[in-house]
Amino acid sequence: MKYIKIISLVFGTLLASSCIDELDTYPEGGTITQDQKDEIGEKDPSKLDADLQGMYSGLTSVWNTFGRDANRHYDFSYPAIVLMLENSGADMVSKVTGYNWFSDDVQYTNRVYTSDQTVMIWKRYYQVIMAANAVITSVDPETEDESSLFYLGQAKAMRAFCYFQLAQTFQFTYADNKEKPCVPIITETSEGNNHPRQTVEKVYGQIMDDLNDAVTMLENAKKADIKRVDKAHIDYNVACGIRARVELLMGEYQAAYNDAKAALSGYTPYSLKDVSVPAFNDASSKSWIWGLIYTTESSAVKTGIVNWPSHMCSMSKNSYTSQGVHRMINSNLWAEIPESDVRRGWWVDEELSSPLSDDLYVDGKTVAKAYKFTPYANVKFGAYKNDPSSADNAQDFPMMRAEEMYLIMAEAQAMGGDPIGAAEALTTFVNTYRDEDYTCNAKTAEEVRDAVWWQRRVELWGEGFALYDILRFNKGIDRRNSNFESSVQYNILPGDPNLIFRIPQSEIESNMGIGEEDNNPSAELPTA
């Protein structure tokens, strides 16, 4: 029997307080009442800021899917989703143990539609979408007020970002799957609780419509010298960067190149010196175009260990990693990194040594001993305020960096017809910022793309791109003969249904437009 859950369109305001415990107001099928639509339709400008902040809080707040009492230590929003995806891939290794809250992702036991992780991914993005819809409904689209349009542009870009993430999670990639069912499209005009899955092509159409509007609005705001509050907010550069990602996936290579270049304006990659120490923990870096910003007062940080650094940073006193549950690189990928490449030191070797961490001490011990390092544990992500003895987990999280835009430009240039120029551009980028001895010898577009993919696997490790790149390039997941535990040394072939998630059972029960027969195929658990 289908049931209805009502969505509160004051969700954004509630979320801004980071204190939501009433899960019955969370979206499942996207039900909206007419009274709620009428209330928001009054377009009260005083609500805009609260709704906007609520939208952004949706990416950082804690206990926002299952509630505090459920005691799910992966329930800390977007960075947790990143860890779910990264642990499902071939390049991030972690122990299968009770202390590892992402063991289900390593084992692929979460590819069933009753999985809590599946529910969390689905709900989290649709909650943020609903908060974005509240902002969109509150702005008169005919207004000429640039400040109001700045709000509207941010909301449309965020909605596009969420649908882009959903589309890549719940269906195979765009090029060969345009007519396959993707996810429901719920906008500010949606009513009722009958929302079927739309095709991949229609979802990407919605994404591009939102991004095109957002880029125009945010560019006009930039010209009017209207600036975002901080890097946690979306501006013109961020919107261009999101659109570049989408265009690259859709094969619109010249457009992707142009947007990545626009996103780069005013930003520069981390220098060789910058990444010769643990880094990637502070949004003030000139490399960061967009980031999630945390303070010691952030809800996730105040939990102590229910946050991104607790599960990811190998140099945190108050964390799961301090108990030996580290995020490691696949030993085979690490072995491919030349000794001349500074990134080889982003992970310790078999002797637990790295030039980034060997001289760091906690309580008279090396960090390797103090925090029970395991071979190939990452030291890429630095401690809070670069103090490995700190018990605070208030590091920022990178959503978009300049380096990614350089790699998008190289791939787009190659696939757009200039592989030789792209190889030269890739060589210059890596020589300048990571490895002075590097040369890209690729000659064809496909060879350059593979070279870029390798760079993405190393440069963007742990930042949420690995599984989506595997889907985008129609690759499989090969963990064989590596430092993965023997029980999870899978070899998953391209197209395997395990590579995408199933629509949650809770959505099927609450959304009249989706039945059991509309779900993605079930998958057999991979075997080692």
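Below, each value reflects all heavy atoms present in this structure, side chains not excepted, and no hydrogens, waters or symmetry copies.
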K317 and D363: CA distance, side-chain angles, deciding distance, salt bridge (charged side-chain N to carboxylate O under 4.0 Å, His left out) verdict: CA-CA 11 Å; K317 181 168 283 189; D363 299 331; 3.4 Å; yes

List the steps and the verdict of side chain to side chain donor-acceptor pair (under 3.5 Å) for N393 and S310. CA-CA 7 Å; N393 291 321; S310 170; 4.8 Å; no

Given the rule in the side chain to side chain contact (heavy atoms under 4.5 Å, CB included) test, do V82 and E463 qualify, once you have shown the distances and angles that lead to the verdict? CA-CA 7 Å; V82 166; E463 297 179 43; 5.7 Å; no

Begin with the C-alpha distance, continue with both residues' side-chain angles, and end with the deciding distance and a verdict on side chain to side chain donor-acceptor pair (under 3.5 Å) for N193 and N511. CA-CA 5 Å; N193 71 323; N511 184 345; over 6 Å; no

Might you work through the side chain to side chain contact (heavy atoms under 4.5 Å, CB included) test for T97 and Y320, ending with a clear yes or no? CA-CA 11 Å; T97 172; Y320 279 102; over 6 Å; no

Side chain to side chain contact (heavy atoms under 4.5 Å, CB included) evaluation trace for M55 with L52: CA-CA 5 Å; M55 180 184 77; L52 192 76; 3.7 Å; yes

Steps toward side chain to side chain contact (heavy atoms under 4.5 Å, CB included) verdict (V93, I329): CA-CA 6 Å; V93 179; I329 191 172; over 6 Å; no

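In this structure, the ring of F397 has its center less than 6.0 angstrom from the ring center of W308. The six-membered or imidazole ring of W288 lies away from that of F280, with a centre-to-centre distance of 6.0 Å or more.
Scanning both residues, A283 and D396, for their nearest heavy atoms gives N-OD2, 2.9 Å. For the pair L352 and P375, the tightest heavy-atom approach, listed with the atom from each and the gap, is CD2-N, 3.4 Å. Minimum heavy-atom separation, E188 to T137: CB-OG1, 3.0 Å. Of all heavy-atom pairs between S138 and A134, the closest is OG-O, 2.8 Å. In plain terms, the two heavy atoms of D230 and A232 that are nearest each other are OD1-N, 2.9 Å. Contact detail for A157 and A239: the closest heavy-atom pair is CB-CB, 4.4 Å.
Residues meeting the ring pair (Phe, Tyr, Trp, His ring centres under 6.0 Å) test with Y384, sequence neighbours left out: none. Applying the salt bridge (charged side-chain N to carboxylate O under 4.0 Å, His left out) criterion to D387, with sequence neighbours excluded, gives no partner residue. For Y56, the ring pair (Phe, Tyr, Trp, His ring centres under 6.0 Å) partners two or more places apart in sequence, or in a different chain, are H233. Annotation: ring pair (Phe, Tyr, Trp, His ring centres under 6.0 Å) contacts of Y74 (sequence neighbours excluded): W101. Partners of Y113 under the ring pair (Phe, Tyr, Trp, His ring centres under 6.0 Å) rule, at least two apart in sequence or in another chain, do not exist in this structure. Taking R502 as the reference, nothing meets the side-chain hydrogen bond (donor to acceptor under 3.5 Å, both in side chains) condition, with sequence neighbours excluded.
Judged purely by distance below 3.5 Å, without hydrogens or angles, the side chains of D91 and N330 never pair a donor atom with an acceptor atom. The closest side-chain donor-acceptor pair between R111 and S88 falls under 3.5 angstrom. Between H73 and D75, the side chains place no donor N or O within less than 3.5 Å of an acceptor N or O (distance only, hydrogens not considered). Residues T173 and Q168 bring no donor and acceptor atom of their side chains to less than 3.5 Å of each other. Checked by atom type, the side-chain pair N87/S94 shows a donor-acceptor distance below 3.5 Å. Side-chain atoms of N281 and N386 form a donor-acceptor pair, as typed in the model, at a separation below 3.5 Å. Judged purely by distance below 3.5 Å, without hydrogens or angles, the side chains of W122 and E507 pair a donor atom with an acceptor atom. Under 3.5 Å, the side chains of N100 and R327 contain a donor-acceptor pair of N or O atoms. Side-chain atoms of Q117 and S115 form a donor-acceptor pair, as typed in the model, at a separation below 3.5 Å. A donor-acceptor contact closer than 3.5 angstrom is absent between the side chains of S389 and Y361. Side-chain atoms of R197 and N519 include no donor-acceptor pair closer than 3.5 Å. Side chains of S287 and S285: no donor on one and acceptor on the other come within 3.5 Å.
Of the possible donor and acceptor atoms, one in the side chain of E86 sits under 3.5 Å from a partner among the backbone N and O of G464. Put simply, the side chain of T321 never gets that close to the backbone of H326: no donor and acceptor are under 3.5 Å apart. No donor-acceptor pair closer than 3.5 Å links the side chain of D51 to the backbone N or O of V135. Side chain of R72 to backbone of A70: a donor-acceptor contact under 3.5 angstrom is found. With hydrogens and angles disregarded, a donor-acceptor distance shorter than 3.5 Å links the side chain of N307 to the backbone of A300. Not a single donor-acceptor pair under 3.5 Å links the side chain of S61 to the backbone N or O of N64. A donor-acceptor pair is defined here as one N or O able to donate and one able to accept, closer than 3.5 Å; no such pair exists between the side chain of Y204 and the backbone of A167.
Under the 4.5 Å side-chain criterion, counting only non-hydrogen atoms from C-beta, K231 is not in contact with M400. Residues H311 and F102 form a side-chain contact, since some pair of their non-hydrogen atoms from C-beta on lies under 4.5 Å apart. Using a 4.5 Å cut-off on side-chain heavy atoms (C-beta onward), W346 and R343 make contact. Using a 4.5 Å heavy-atom threshold, the side chains of Y468 and T169 count as touching. A heavy-atom distance below 4.5 Å is not found between the side chains of T60 and S298. Taking 4.5 Å as the limit, every side-chain heavy atom of Y163 sits out of range of all side-chain heavy atoms of M158. Considering only heavy atoms from C-beta on, W347 stays 4.5 Å or farther from L356 through its side chain. For the pair F161 and M399, the minimum side-chain heavy-atom distance is below 4.5 Å.
Geometrically, R245 does not engage F164 in a cation-pi contact defined by less than 6.0 Å to the ring centre and at most 45° from the axis. Both tests do not hold together for R401 against Y270: distance to the six-membered ring centre under 6.0 Å, angle to the ring axis within 45°. A cation-pi contact, defined as under 6.0 Å to the ring centre and within 45° of the axis, links K286 to Y267.
With rounding to the nearest 0.5 Å, the separation of CD1 in I234 from CZ in R228 is 9.0 Å. The structure places CD1 of I129 at 5.0 Å from CG of L166, a figure rounded to the nearest 0.5 Å.
By the 4.0 Å N-to-carboxylate-O rule, E485 lies too far from K95 to be salt-bridged with it. With salt bridges taken as basic N to acidic carboxylate O contacts below 4.0 Å, none links E459 and K380. Of the charged side-chain nitrogens involved, none lies within less than 4.0 Å of a carboxylate oxygen, so that K222 and D235 do not count as a salt-bridged pair.
Within a 6.0 Å sphere centred on CG of N71, other residues, nucleotides and ligands contribute more than 12 heavy atoms.
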